Amino acid sequence: MKLQFSPEDEQFRAEIAGWLADNLVGEFAQLKFRGGPGDEHMFPEERKAWERKLAEGGWTCVGWPKEVGGRGLSIEQQVIFFEEYARAGAPGRMGHIGEGLAGPTLIAFGSEEQKSKYLPGILSGTEFWCQGYSEPSAGSDLANVKTKARFDEASGKWQINGQKVWTSLAHESEYCFVIARTDPESKAHKGLGFFLIKMDQPGVTVRPIEQITGTSEFNEVFFDDAECAAEDIVGQPGDGWKVAMGLLGFERGVSTLGQQMAFQNELNEVVKLAKDNGAAKDPLIRQRIADAHIGLKIMRYNSLRMLSGGSDGSLQKEALIYKLYWATWHRDLGELAVDILGPEADIMVNAPYELNRLQSLFLFTRSDTIYGGTNQIQRNIIAERGLGMPKELRPV
Amino acid sequence: MKLQFSPEDEQFRAEIAGWLADNLVGEFAQLKFRGGPGDEHMFPEERKAWERKLAEGGWTCVGWPKEVGGRGLSIEQQVIFFEEYARAGAPGRMGHIGEGLAGPTLIAFGSEEQKSKYLPGILSGTEFWCQGYSEPSAGSDLANVKTKARFDEASGKWQINGQKVWTSLAHESEYCFVIARTDPESKAHKGLGFFLIKMDQPGVTVRPIEQITGTSEFNEVFFDDAECAAEDIVGQPGDGWKVAMGLLGFERGVSTLGQQMAFQNELNEVVKLAKDNGAAKDPLIRQRIADAHIGLKIMRYNSLRMLSGGSDGSLQKEALIYKLYWATWHRDLGELAVDILGPEADIMVNAPYELNRLQSLFLFTRSDTIYGGTNQIQRNIIAERGLGMPKELRPV
Amino acid sequence: MDFAFTEEQQMIRDTAAAFLKASSSSAAVRAAMVSDKGFDPALWQSICADMYWQALHIPEQYGGMGLGYVELVAVLEQMGRYLLCAPYMSSVAMATNALLVAGTDAQKALYLPQIIEGKIASLAFNSASRDWDACAVSVTYRRDGNDFILNGNYRYVLDGDNADVMVFAARDEGSVGENGISLFVCPTDLNGIERAALPTMDQTRRQATITVTNLRLDESTVMGDVGKADKHLNKILDLATIALAAEQAGGMQEVLDMSVEYSKSRSQFGRTIAGFQAIKHKAADMMLRGEVARSAVYYAACIADEALNDGPLANELSEAASIAKSHCSEAYFKNAGEALQIHGGVGFTWEYDVHLYFKRAKASEHFLGGSGYHRERVAKMLLD
Amino acid sequence: MDFAFTEEQQMIRDTAAAFLKASSSSAAVRAAMVSDKGFDPALWQSICADMYWQALHIPEQYGGMGLGYVELVAVLEQMGRYLLCAPYMSSVAMATNALLVAGTDAQKALYLPQIIEGKIASLAFNSASRDWDACAVSVTYRRDGNDFILNGNYRYVLDGDNADVMVFAARDEGSVGENGISLFVCPTDLNGIERAALPTMDQTRRQATITVTNLRLDESTVMGDVGKADKHLNKILDLATIALAAEQAGGMQEVLDMSVEYSKSRSQFGRTIAGFQAIKHKAADMMLRGEVARSAVYYAACIADEALNDGPLANELSEAASIAKSHCSEAYFKNAGEALQIHGGVGFTWEYDVHLYFKRAKASEHFLGGSGYHRERVAKMLLD
């Protein structure tokens, strides 16, 4: 075990930090600390411009292999990239679904044609993706997909019908990857296909979901005879679950450390508030602030272990618990923030419903313990996969 | 709603308080605050003598109807009796299983012969009872009874075979009431019988269970061809579950307020300790002490509501949650006690394993959330009976 | 000793439940909370003219019904349950209590009938302090002949911008802590009173800030002894605290009911989620917290009656208020949070009502002091 | 940056696990804990002669293996897991660390080889205080020529009655707080040292009280600068705290394993209780707490190495120790409590091993400061 980064890595840290300091200025300065979860609906055009700026600097897709146009950074350097990005307060990435999910899926499962058609737009920060995964009746029961894909021999295209939900940035995206049922007789995770669908077509309708915060960054997406070219299915009909699960794997990884740096920014704001308004003298608040600080430190150690792991030979239990851990921690931070505000927590910035950052944090973090597998589902997964306990009984 | 007791009731309070002050002296003074849960194995002979003393004063079976020899007190006066009894630090009742469980069961379900044979010994504080209910493989699955009762035509007696567990005071009792399977083909709560068994016979063996505290107040009881007279079954063969469930109902009631007074004595000791050792200055300990105090007050209010309830017409939800509430509260009190002791909590009174009262409280209260239905089972019961949520799935 | 609702109290409770279920429906709440005043004046008039709720615990000599705090709490519980948007907490649990506790006969005779007729009243006493008692008063007064000149700023004034009548707490210039506190009651159309609504995250209850600048009040506005109103103010706040806890208990019931109902309708993995132990046990814990909340609130209501009538248990008021509020604050917020969790994604939408309760729960937790604050109050009684 | 065990570290960990599983079985623990000394001297000798664990992080120049704190923590984790009864925490994590941090070359050369050979050593510094740092020192010293005369009482001294060598902390008469602290090391057979075992609820670790009465120590016993050893003592205690947290993490793993295994074997209502969500979710939470405990402990071990070698991150020591201990203390006790709950009735018996862990968890929580204490230490760093 060693904690220090190599001199080369520290050199790299200086490089990205310097680039960000030089470029996150002028028109982009207003984007600092904006566009993260709970704020993703803000400044979409400006953040798209920022994506192009990043691409110019070679700072998109830093973890992708060089052969597909990525920067091919080591794990350590990716960690550093995400940490510095967040430390600088660089804005929430409009491209993160393309870069973190769609791209890696295509790299792993896509055809050569698909790669050459879709990867460049992601790399250049010019084409954006959203995820068509959850459905209203599915929730945590991911495989309960009702959206249908029928191959129309006449047009030689797939026709997609159904509804997806909790799709963030749908109205800002060029493409959506969608799981749909190719075999109408099939059930659960069999008979699914993984489709790449153009958003700008008559068969696709996006409807924003008004959230607890009064804002909308999630959407419902309706597919009514939406079209998808024959060559825009990833893998074979019936492979959809396998492709999607591979994709889920990409959701966890080095970006967790960037997430944590964003959490650190939030925690810093909470600490500052407590010092400013005197709550830092309250012994109970002190305990909770310390606990939040400790929890975040441990989150980082756990991620470092996660990233370094595997050689250890053991099942990566520290990875299995990660979602439950950070989601709960983040939700607790939201509660702590408003409890430090005290009665002031109820007073908004402006009518009709303009929240300050900490109020927004408080409300938005309630979704953390729900999306991507509720805390309850996470506990099932941990018990079943991590501890070999029996699966849930199914009704007869 | 009114909180005050009537002048007559206050008069009664003075009477019992006075009697206790006059009688809990001399040889009985050493019994003060002794013999409660976790301490039930202490001073058995002296506490039996105390039971006789109580009986002389007419203070056994105060809630039983006058026609069977009880004192026939109103609910209010029973509350007062139990409160004053505990407030005076009068010892844990050796007779409580006879008075609180066996007697009421016989009064409700027993034959006239059974009543005249068994009630006098309970009333006079000369015959003691224990409960043969739990079995090793049953636990919370109460109906999973394996103990068998076979009627032997030759002797005209029942022969009992099997094992009971968690039987407190078994070695101090004249009688045990036992649930056993009269129909060997039956399952769950069908085909059971409710038997009154003499402990002093060759077929009954008592083996103390050494507990987490190093002491033994629970026992295993083995029945090997133990005999039970034909007339000592309560109700008919097959009625056992009904009789036993009626009995469970008796476990909750006015005595809860006495239990709470005992809790108050424990809490007072905890508060005193905190003041003495300086922990009362620690803001976190202050919160926990206040929380314990608040929790106990609310427990009392809830019991008052429970006892007054019914006229309200509603399902008595406040009764349904009572076990879960007090058990968790009491366990938390044990933790608080040792946390106030701090490092001193690890230091015993004497080797080999003599605990002080607070250490004993800490360890013994771990059983509160287990016996009489674990917290998990209590939550199932609350959800199913109180909220109409589905019963647990049974495996196919 | 009988710790159950009488038949009359049950009837009041059931009538309140039925009335509010119909009149404070989700649609009605959503319309009221974004309206200009934050409540529906027609409904408010109906509450006053048809239900007599403003009159509930006002003595008959002032035109009230002369009932007790138990009856009041029974109604407040249902208001919390149905999230009624109305200046009831301010007018009845704060201003009316202030008049009952500290008002002169003349003040009672003047203002109580106005409240009974539907005038809005409130209490202003604190600004940015973390305390919720007399020590929190920061607005000052000085004497000018027989008049009092008030200066300073109030915050978190419930319905302060809508109020027709205000009770103001202020302290003698230079005084600190519990010393020098006086209470005044006056109409809000005097010179020197400036009011502004504060936009609130919990839209179902309005708050305002009030600035008093050289507000001149004559002797007739003084409630009780000049400079010695700290005990009165604390008693008023304890009474208000119990009222708020009653609302919280009602809210707890509703989020439980919503959650159980939703869980029975939502299927996952081939069965309703109500059948999963994780959900059942959450619901069971919610019910436990809700039931004991009620026990704490009803007990506190009995004590409030004692306090209002100088009964033998009157001195338990602060403790009973803190017990009820410390339990209900955490419990309501926990229950509302669990309700969101049980509802999953939809609980996170504006469309479903859970978030309205969730926000109310947090705002009510902070207002008049959270669980930690009230536990420390109890700790002081026990340990110091 | 590589935050995983090296192959060598894995080997040390696996060897420790295998050795202790065999030698510190339930039967062995139960025999040792009621024995006179509280540990098995033969096993202790085997640990020293065959496993070299006492020598683990002692530099090679003193006959040690010269390994780091990560290796030490890997072994301690397994000791906690198998509840080893032995004076290891005292001799290695307290006394050896004291010698490494504050000892003179002569003291190291004298005592470290003795510890490597199996002599028992410990550290005594506090009595009844609720603090766990230099401020807690209450035994006093005064100078008498070149000698030091110590008087006072120590409590909670791990293995104090068995120790051959003691490190004593004492303060200059009349000094307060962190001032005037000195450390001394000496054999225990001097005049003026009286020792008595304290019977402990957690029988797997022995504690003692030591009274020093006019204990005369010469200059050669002084560790570091006279009167300025507070920083040394605090560093030693931080290092010991990390070691204790490692034990706690190991215990957490074992109570989880026991609980999962038991739940798979116990049937209720026609199925194993491992299938009930209530049990699964408890176990999942236990695993979560246990895994992140490990992450905290390994990180702290890396920092301990930095501190022992004056690396660039050395100044993180106190924070890392408090992070590990604050998490592990609550987490171990919670896990042990849940283990009891999952075991139901049998967990409450002396016969099953759960109670041994439960008691160890509570004793380890209090020793060297509980979660609240360490959180406040962190709060001071952040907020003051």
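Because the structure is a prediction, the values reported are computed rather than measured. These values consider heavy atoms only, across backbone and side chains, with no hydrogens, waters or symmetry-generated copies. A note on names: the letters A, B, ... follow the listed sequences, proteins ahead of strands, and every chain is numbered from 1.
- A salt bridge between C:Asp384 and B:Arg286 is present, with a side-chain N of the basic residue lying under 4.0 Å from a carboxylate O of the acidic one.
- Both the backbone and the side chain of C:Lys380 come within less than 4.5 Å of a heavy atom of chain B.
- Here the side chain of C:Glu376 pairs no donor or acceptor atom with the backbone of B:Gln287 at under 3.5 angstrom.
- Across all their heavy atoms, C:Ala379 and B:Ala290 have their closest contact at N-CB, 3.9 Å.
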Show your working on side-chain contact (heavy atoms from CB on, under 4.5 Å) between C:Tyr299 and B:Leu3 and close with a plain yes or no.
CA-CA 8 Å; C:Tyr299 187 87; B:Leu3 295 179; 3.7 Å; yes
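- In this structure the side chain of B:Leu320 reaches within 4.5 angstrom of the side chain of C:Met287, judged on heavy atoms.
- Here the side chains of B:Gln4 and C:Glu306 are in contact, with some heavy-atom distance below 4.5 Å.
- No donor-acceptor distance shorter than 3.5 angstrom exists from the side chain of B:Ser308 to the backbone of C:Asp2, with no hydrogens or angles considered.
- In this structure, the portion of B:Glu76 lying under 4.5 Å from any heavy atom of chain C is its side chain and not its backbone.
- For the pair C:Arg375 and B:Asp291, the salt-bridge criterion is met [side-chain N within less than 4.0 Å of a carboxylate O].
- The CD1 atom of B:Ile382 sits 6.0 Å away from the CG atom of C:Leu288 when rounded to the nearest 0.5 Å.
- Residue contact with chain B, scored on non-hydrogen atoms closer than 4.5 Å, is absent for C:Arg377.
- For B:Asn375 and C:His281, the side-chain atoms include no donor-acceptor pair closer than 3.5 Å.
- At a threshold of 4.5 Å between non-hydrogen side-chain atoms, the residues C:Val292 and B:Tyr301 do not count as touching.
- If you measure heavy-atom distances from C:Ile279 to chain B, the contacts under 4.5 Å come from both the backbone and the side chain.
- Looking at C:Phe276, there are no atoms closer than 4.5 Å to chain B (heavy atoms on both sides), in backbone or side chain.
- Among C:Thr272, C:Asp257, C:Asp285, the residue making the largest number of heavy-atom pairs under 4.5 Å with chain B is C:Asp285.
- Residue contact with chain B, scored on non-hydrogen atoms closer than 4.5 Å, involves the backbone and the side chain of C:Lys280 alike.
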Can you list the steps and then say if C:Gln277 with B:Arg379 is a side-chain contact (heavy atoms from CB on, under 4.5 Å)?
CA-CA 9 Å; C:Gln277 266 190 348; B:Arg379 291 192 176 95; over 6 Å; no
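- Side-chain contact between B:Lys2 and C:Cys302 is absent, with no heavy atoms from C-beta onward closer than 4.5 Å.
- Between the CZ atom in C:Phe3 and the CE atom in B:Met306 there is a gap of 12.5 Å [rounded to 0.5 Å].
- Of the possible polar contacts, one joining the C:Lys264 side chain to the B:Gly388 backbone as a donor-acceptor pair under 3.5 Å is found.
- When the candidates B:Glu392, B:Lys275, B:Gln376 are compared by the number of heavy-atom contacts under 4.5 Å with chain C, B:Glu392 comes out ahead.
- Remark: side-chain polar atoms of B:Arg305 are paired, donor with acceptor, to backbone N or O of C:Glu291 under 3.5 angstrom.
- From C:Ser295, atom OG reaches atom CG of B:Leu304 across 9.0 Å, with rounding to the nearest 0.5 Å.
- Residue B:Lys281 does not touch chain C at all, counting heavy-atom pairs closer than 4.5 Å.
- In this structure, the separation between OG on C:Ser259 and CG on B:Leu387 is 10.0 Å, given to the nearest 0.5 Å.
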